[in-house]
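This report concerns only the one structure given below.
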Amino acid sequence: SGPLHTYVSPVPEFALTRLADTAESATPFDVTGPAIVLATTGHLVLRAAGGEQVLPQGVPGFVPAEVGTVSVTSRGLAWVACPGASVDRW
């Protein structure tokens, strides 16, 4: 269990991960493919070596594959869409 739950599709090109509220601590994950992140309730903060991005509810963010490890803090519920092979390390 934990804040991340991945729904793996029957095709390797796509997977969807649910990120529950992590307001108490950041949740790290490795990005091995490009990802789209969206908060459907509340907001989230993405942190990587290149800086920080705050995404309010309903505003999508893009994480390029070359970013590597991303730290996410979510106040609410967020979703991460990426190639299915990307979620093996989460």
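Side chains included, hydrogens not; waters and symmetry mates left out as well; all remaining heavy atoms used.
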- Quick one: CZ on Phe14 to OH on Tyr7, what's the gap to the nearest 0.5 Å? 12.0 Å

- Contact summary for Pro60 and Ile36, nearest pair of heavy atoms: CB-CG2, 4.4 Å

- Query: Hey, any chance Leu38 and Leu16 share a hydrophobic cluster, counting ILVMFWY side chains that come within less than 4.5 Å of each other, even indirectly?
  - Reply: no

- Message: I'd like to know if Val59 and Val72 are part of one continuous hydrophobic network [Ile/Leu/Val/Met/Phe/Trp/Tyr, side-chain heavy atoms within less than 4.5 Å].
- Response: yes

- Query: By ring-ring contact (aromatic ring centres under 6.0 Å, His included), which residues pair with His43, not counting sequence neighbours?
  - Reply: none

- Task: Report the C-alpha separation of Gln53 and Val45 in whole Å, then their side-chain angles, then the decisive distance to 0.1 Å, and conclude whether the side chain to side chain contact (heavy atoms under 4.5 Å, CB included) test is met.
- Result: CA-CA 6 Å; Gln53 184 176 15; Val45 179; over 6 Å; no

- Query: Taking atom CG of Leu77 and atom CZ of Arg18, what is their separation to the nearest 0.5 Å?
  - Reply: 6.5 Å

- Message: Go through it in stages, so that I can follow the logic: the residues are Arg75 and Leu44, the test is side chain to side chain contact (heavy atoms under 4.5 Å, CB included), and I'd like the CA-CA distance, side-chain angles, deciding distance and then a yes or no.
- Response: CA-CA 6 Å; Arg75 279 277 199 198; Leu44 59 94; over 6 Å; no

- Item | From Arg47 atom CZ to Thr73 atom OG1, the distance as rounded to the nearest 0.5 Å | 4.5 Å

- Any residue meeting ring-ring contact (aromatic ring centres under 6.0 Å, His included) with Phe62, in chain and number order, not counting sequence neighbours: none

- Set of residues satisfying side chain to side chain donor-acceptor pair (under 3.5 Å) with respect to Ser71, sequence neighbours excluded: none

- Nearest heavy-atom approach of Ala20 to Ser74 is O-CB, 4.1 Å

- Item | Euclidean distance, Leu19 CG relative to Trp79 CH2, rounded to 0.5 Å | 10.0 Å

- Query: What are the two closest heavy atoms between Thr6 and Ala15, and how far apart are they?
  - Reply: CG2-CB, 4.2 Å

- Item | Non-hydrogen atoms of Cys82 and Pro34 that approach each other most closely | CB-O, 3.4 Å

